[in-house]
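Here is the structure we will look at.
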Number of protein chains: 2
Amino acid sequence: MKSTRRPTIREVAQLAGVSRMTVSRVVSDPDVVLPATRDRVNRAIADLGYVPDKAAGGLSSRRTGFVALMLPTLTNANFASVAHGLTEVLRGSDYDLLIAYTDYDLGEEERQLRNLLARRPEAIVLTGASHSREIARLLLAANIPILEIADLPHRPIEHVIGFSNHEVGRTAARYLLDRGFTRLGAIGAVYDGSVLDHRGEERIRGFEEELRRSGLPTTGVIRHGIAPLSYDHGVGALQELQRRAPDTQALFAVSDLSAVGVVMECQRQGLRVPDDLSIMGFGNFEIGREINPPLTTINVDFHGLGSQTGRLIVDLLGSATPPAREAAHRVDVGLAVIERNTVRPA
Amino acid sequence: MKSTRRPTIREVAQLAGVSRMTVSRVVSDPDVVLPATRDRVNRAIADLGYVPDKAAGGLSSRRTGFVALMLPTLTNANFASVAHGLTEVLRGSDYDLLIAYTDYDLGEEERQLRNLLARRPEAIVLTGASHSREIARLLLAANIPILEIADLPHRPIEHVIGFSNHEVGRTAARYLLDRGFTRLGAIGAVYDGSVLDHRGEERIRGFEEELRRSGLPTTGVIRHGIAPLSYDHGVGALQELQRRAPDTQALFAVSDLSAVGVVMECQRQGLRVPDDLSIMGFGNFEIGREINPPLTTINVDFHGLGSQTGRLIVDLLGSATPPAREAAHRVDVGLAVIERNTVRPA
DNA sequence: CTCGCTGGTGGGACCGTTATCATTGCCGGG
DNA sequence: CCCGGCAATGATAACGGTCCCACCAGCGAG
């Protein structure tokens, strides 16, 4: 086993009998070099198994080819969809995605961000971040496009592609109210200073707001457990709800995963869905379509959100003139109720 | 808005009145510089909002701090767990994970790998790769530790941390045979030359092998659809099974997701589980615990697999003496049947 | 007092690539 | 026949760090 170092552009140049620059050109812009030369260089590249070093290239050209993405977690299918849509677009333009996740831990945010910035990404995409003073300062100092996604912040840092989580909650409440329910409940996670992502809390607040507007009590609004939410959360939250507001007719869960957990727990308890308890969720997870009865939910096109974000980045980085900060984009991708069978007119 | 470039070590040095080297030392090994000097430098760093450029540093020190991970997909919760376990360990040693995924597309593998190698990772972790001639060549030429995970290949490239997918299939078959079933079925994906990951196919082959050993027919073994598998796959595969082998008593699905889809479809069809059809899956996904009845499955500790991989990497990179290739590690993390209620003695 | 050592710091060269400008050879037009 | 212009290629200087060694005080031992 030859433990020799990786071949560099120098060695390729030497073997092909050309200068380093010519090799560089063959790799990045082949058309400008004579076919005969190009072939010779390509052969040398193949012979040596040369793979260009992007770090060195980036240092020189000031273009690292990185786009940074900061997520609360990888485990959530919707965030995975975002990453997916984003990668699809970025691959076409030769950007690599650099993913960091915080696991909803506030302390990790700054650490992760510094780490990300040390790689000199050309743009950065953020989800559900808290944006402390120091975070904002670091971001601005990076002097690259900043994109906040999956939310619609009132005071955005720069670009926004998302939807209103508050509106999600309101839509759910209105949907249930329209069907004549009056004893409404909602379940989400406990939100305190140590929690990074406030999007779930926004949804639950939107729900509460609509309840208050209609003069209804908010005793059925339960904050239980902590993010990330999953099936189990629904089980526990339902039990708490049954203690606190046993007469609840209809329930909104801030995540489909919780909602599915609730449906399953209802089955175990022998409660009929939706006759004994109506349930709706958020996120349009695949499992919601499969359970019996299938889950009513609110859909957001996360994959499209990811690809739109990707396209905006490519645009932003492609345009020679760095757009002024006041030309920040703000895109609402909207949301839609998907009616299935877990809710029925009362 | 000052659109000035990011501050470099030079400017920090100037502001603090020291040389660049001293700044470098304060960042990477603070203890060797005098407290007074250190404070001065740290103040300058804070004032300027200096964030070191790891690409530049890596170029010089030949240590990029990257560990590469190649996955079929991000969307699978088990792979996400692996990534999770891996990150947890690597964070502690200041490595960043560079994730690439192929979406089970064979053509993407080489492209992604080249891309990864262009970032000069210090180690590379692979899952379910096909290892074509060219791929293997690229990997070996990189001259870094190579770790294959989530499988137990007969002819590994170097290190292996995984479990036998073939054994998963055999274990499932034996489990069902032991309970007295004789008309067994299995569902997986179609496997042809264009598919990257063979782990599901290995599971199904192990199942078939055990069937043949017992002199039972393999007509109930269905290859349906293509990876990635999900709930919907189970629905379609069950329907195909019902056409091809309607008298099947017990069924193994190569993924819990398919298995859950089967259970749900059974509910819709009014079939009782496990009385009319026994079902077991693989992967121990959370949803399997929640459905009614809960899903019998085969568990592998994917999170632990990820963290073990991380620890091995840290070991390998930490040891000054590069270990000889013959000292390759081979770890079997094992597997275990988790009995729940979807299977019952016949 | 001198010498050697040690801890703290600085001065260059270098890591592998690309931007930029210079150089070369060739072609066609005046 | 000469010269301007263009296409192809080369030389050199960055890019932002760290490695390696030299330097310099200060201090204890001989």
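Just so you know, these numbers use all the heavy atoms, side chains as well, and skip hydrogens, waters and symmetry mates. These numbers come from a predicted model, not from an experiment. Within every chain, numbering begins at 1; the chains are lettered A, B, ... in the order of the sequence lines, protein sequences first and strands thereafter.
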I'd like to know if the side chain of A:R199 reaches the main chain of A:A150, judged simply by a donor and an acceptor atom lying under 3.5 Å from each other, with no hydrogens or angles considered.
yes

Here the distance between atom P of C:dG10 and atom CD of B:Q14, to the nearest Å, is 13 Å

In whole angstroms, the gap separating P of D:dT18 from CG of B:D29 amounts to 11 Å

Query raised in the report: Any side-chain N or O of A:T22 less than 4.0 Å from the OP1 or OP2 oxygen of D:dG10?
Result: yes

inquiry  = What contact category does B:R25 fall into here, base, sugar-phosphate, or nothing, at under 4.0 angstrom with non-hydrogen atoms?
reply    = base

Touch class at under 4.0 angstrom, heavy-atom based, for B:R10 against every strand present:
nothing

Separation of C:dT9 atom C1' from B:L34 atom CG, nearest Å, is 10 Å

Side-chain contact check for A:M21: nearest option of C:dA19, D:dC19, C:dT17 is C:dA19

Whole-Å distance, A:R38 CZ to D:dA7 C1', equals 14 Å

- Could you check whether A:T37 gets within reach of a base, just the sugar-phosphate, or nothing at all, counting any heavy atom under 4.0 Å? sugar-phosphate

Quick note, A:S19 side chain, CB onward, closest among C:dT18, D:dG16, D:dG10 is D:dG10

In whole angstroms, the gap separating P of C:dA19 from CD1 of A:I9 amounts to 11 Å

Testing C:dT9, D:dT18, C:dC15 for proximity to the side chain of B:R62, the answer is C:dC15

Neighbour count above 12 (heavy atom, 6.0 Å) for A:E108 CD
yes

Requested in this report: Assert yes or no for the condition that the ring centre distance of B:H84 to B:F302 is strictly below 6.0 Å.
Outcome: no

**Request:** Output yes when at least one side-chain N/O atom of A:S61 is less than 4.0 Å from OP1 or OP2 of C:dT18, else no.
**Result:** no

note: B:R5, atom CZ; D:dC15, atom P; distance rounded to Å ~ 7 Å

Atom CG of A:L59 and atom P of D:dA13 are separated, to the nearest Å, by 17 Å

Here the distance between atom P of C:dG16 and atom CZ of B:R63, to the nearest Å, is 16 Å

Base of C:dT18, side chain of A:S60 - is there a donor-acceptor contact under 3.5 Å?
yes

Of A:G57 and B:V32, the one whose closest nucleotide on DNA chain C sits nearer the 5' end is B:V32

Quiz item: If you measure from the Lys or Arg side-chain nitrogens to the Asp or Glu carboxylate oxygens, is any gap between A:R6 and A:D53 under 4.0 Å?
Solution: no

- Task: Give a yes or no on whether a salt bridge exists between A:E134 and A:R114, defined as a side-chain N under 4.0 angstrom from a carboxylate O.
- Result: yes

Hey, does the side chain of A:S24 come within less than 4.0 Å of C:dT18's phosphate (OP1/OP2), counting only N and O?
yes

A:R120 has its side chain closest, among D:dA8, D:dG17, C:dT17, to D:dG17

